[in-house]
Structures are given as structure tokens and as C-alpha cells.
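Reviewing the structure listed below.
Hydrogens, waters and symmetry mates are skipped; everything else that's a heavy atom, side chains included, is used. Order of the sequence lines sets the chain letters (A, B, ...), proteins ahead of strands, with each chain counted from 1.
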Protein chains: 2
Amino acid sequence: MEKKSKMEWHGRFRGRGLRFTIPRRLILETLSSTIDHLSAEEIYIRVHRKYPNVGLTTVYRTLDLLERMGIISRFQFGDGRSRFELVQSSTKAGHHHHLVCTSCKQVIDYDDFVEEEVELLKKVEKALAKKHGFEINGHVIQFYGVCNNCQKQP
Amino acid sequence: MEKKSKMEWHGRFRGRGLRFTIPRRLILETLSSTIDHLSAEEIYIRVHRKYPNVGLTTVYRTLDLLERMGIISRFQFGDGRSRFELVQSSTKAGHHHHLVCTSCKQVIDYDDFVEEEVELLKKVEKALAKKHGFEINGHVIQFYGVCNNCQKQP
DNA sequence: ATTCTATTGAAAATGGTTTTCATTATTAAT
DNA sequence: ATTAATAATGAAAACCATTTTCAATAGAAT
């Protein structure tokens, strides 16, 4: 599994004439080994612990690249920074949507109704793609609210 | 309609011990008179044209306030700045969702399937609110893709 | 008109992200 | 393996949307 995805990744890079470097591998491994929604800086810190001569700049550049390659998704939850996770294709297990507390910024992944949501979204996506000539390759569903804990403390 | 909403707004401010000042009125009028998703700076420019001694700081502060009051919604389409529109309650006409071109950043409002979407979302919202103890007060549905025009030019 | 205090504008500070540029490292060819 | 070509990197500086600070101003109740 480790090996397999490593080779998969390597192939996706080489296929585009890109190099599968150490920083790129470490960033992908970091994202693979957590369910959290990490920010660029959080990824930098974790990568940096294992391999101290990786710079924050490279993390930003790599995240942009991975997003353009369709390997990771970028989310904005309202705390002023982008957060990233490995793409969970909406047709596969693991795909989820987000519930965000606008007060403490915590994010809960939910998948309770994702099948239903995705089913509808696929229909909408198809219609919108046709109507507006778009090539659609992603979606976001997010609920915003105030979590249990934040409701108590004013 | 102009007068009516002006009085309505005035009431909502006074009800919270807030003042309905000239900058606040102008910002609300600006948002009322467009269907665009304006950024803080775009709002500032428009307000500034009519009333040059309104500062950008005040625009930011007012937008934060209006969002907290539930009068406007903030969206992040990925171009690095927040964009705002008057709240269109999901139960009322005018409510729409967004289709975003990740290349040129254009945003298309669509309402083709919004009734269906909102119906499902209400069900999900209720379940999530109960399950996680959230008080949910908003949602985002966005599709991301590449528009007709951007597909042509590499 | 006066008082109280919410609100404001200007300037400075903040903080996430991007750019610049000289250096390094990966790959394909030798 | 070496080498040549160039993709990728790190550090520092630049960038830019947003926030903070603070003294001055202006709503609203009296």
C-alpha cells in the first residue's frame, strides 16, 4: 500500500515531465497519514521534523502543484488559510462533506448523507456542465454554524 | 422599497444598540444595487465615489458586522479575497448556488436545481444539528471547473 | 445644545502567500 | 558512472488582503 501509492505517484509525476522529489514525497506522505485538514504551515512543520531542510516556500509550491494535478483538494473554512486533504473522489468511499464552527473554526467531516448528496450533485453537475459549457471537476458542500461548546461560552 | 428597506435596516441596527451611519447605509445600498459578488475593495471604490471620506477600514469593519448580523453572506471563491452578497434566505426566491471557474475566477449563479438541493440540505442540516449539537445557520454549495472560454486557451 | 460613547479614518502592523534569484538535484543521454 | 540540461529548491524579500491602534468625529438620548 505504501509502496503501491508511492509508485502510483511517481508515475503521475513522470507522466507530466515532473520530478518526484523528496519534498514532494514527504508532503504526500504527510497528507496520507492524517485525517486532519492541514494548513500549509502545519504540513511544513511535520515535514520539517523529518527532513529539516525543506522550506515553507516549497510546501506552498508543492501544494499548488498537487492541487492542479488533482491529487489534493483545497478548502477554505474561514480561518484565513487554505487547508488541504487528499482527494477522495466523490464516487468512492471516504468522500465526505464538512460542518464548520464559525466560532472556534473546528471542522467535522460527515458522510451521513453523502451518497444522497452526491447523487443529486451529479445530476446538477451534468446539467450545469451542459448549460454553461463547463468542465466541472469538483464541488464543495459545507454547513456553517456554532458548535455545542461555543454556544455555551459567549 | 428603497425607503422600506432603509427603515428595516435602521430598525435592525437600533435594536442592537448600533448606529445606522452613513457608511453603513452606503455599503448596504451598494450591495442592494448589484447582483455581482463584490470584494471589500470593490465596495470601497463604489462607496468612495459617492462619499469620498469613507475609508477602506470602515468597509472591512462594516462587512464583518453585517455578516455577524446575518444581513450579508461571505464567500471564498479562491481568488484570495472574500466576496459578499446580501443574504438570500434559502427558503426564499433569489437563493442560488455558485459555479466557479478555477482559471479565470468568474462566478455563475445558478438556481436550476436549488429547490431540490435545499430540500435535501434541510434534511441533512437537521440530522447534523442533532447529531453534533450544532446550531446551523448557513451552507455553501459550489461547483468548481473550467469555463468554456478558459478551456480553449492553454 | 450637551453628554455619552459608538463609530470612524489614517497609518501602521499583521500574516498568509507569492516572487525573485542564485544554488542544488533529478533525469536522460553519453 | 559522468555529464549536460533544466526542473526544483531554499532564503529573503515582496506582496497584498485584512486587522489593529488610536486620536478625532458624529449619532442618539437627555
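- Listed by first then second residue, pairs satisfying ring pair (Phe, Tyr, Trp, His ring centres under 6.0 Å) with a partner in residues 112-142 of chain B read B:His95-B:His139, B:His97-B:His139, not counting sequence neighbours.
- A search for ring-ring contact (aromatic ring centres under 6.0 Å, His included) contacts involving B:Phe75 returns B:Phe77, B:His98, not counting sequence neighbours.
- Residue A:Thr62 places its side chain closer to D:dT9 than to any other of D:dT6, D:dG27, D:dT9.
- In this view, B:Phe13 and B:Phe20 satisfy the ring-ring contact (aromatic ring centres under 6.0 Å, His included) rule, not counting sequence neighbours.
- Across all strands shown, B:His48 has no heavy atoms under 4.0 Å from either base or sugar-phosphate atoms.
- Applying the ring-ring contact (aromatic ring centres under 6.0 Å, His included) criterion to B:His48, with sequence neighbours excluded, gives B:Tyr44.
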Find every protein N or O atom lying less than 3.5 Å from an N or O atom of nucleotides 17-19 of chain D, and list the pairs.
from, atom 1, to, atom 2, distance (Å)
D:dT18, OP1, B:Ser82, N, 2.9
D:dT18, OP2, B:Tyr60, OH, 2.6

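- Donor-acceptor pairing under 3.5 Å is lacking for the side chains of A:Ser39 and A:Arg83.
- In the 5' to 3' direction, nucleotides of DNA chain C lying under 4.0 Å from heavy atoms of chain A begin and end at C:dG16 to C:dA28.
- Summarising the geometry, the separation between CD1 on A:Ile27 and P on D:dA8 is reported as 13 Å, rounded to the nearest angstrom.
- The nearest whole Å value for the distance from the CD1 atom in B:Ile22 to the C1' atom in D:dG27 is 10 Å.
- Base contact: A:Arg61 has a heavy atom under 4.0 Å from a base atom.
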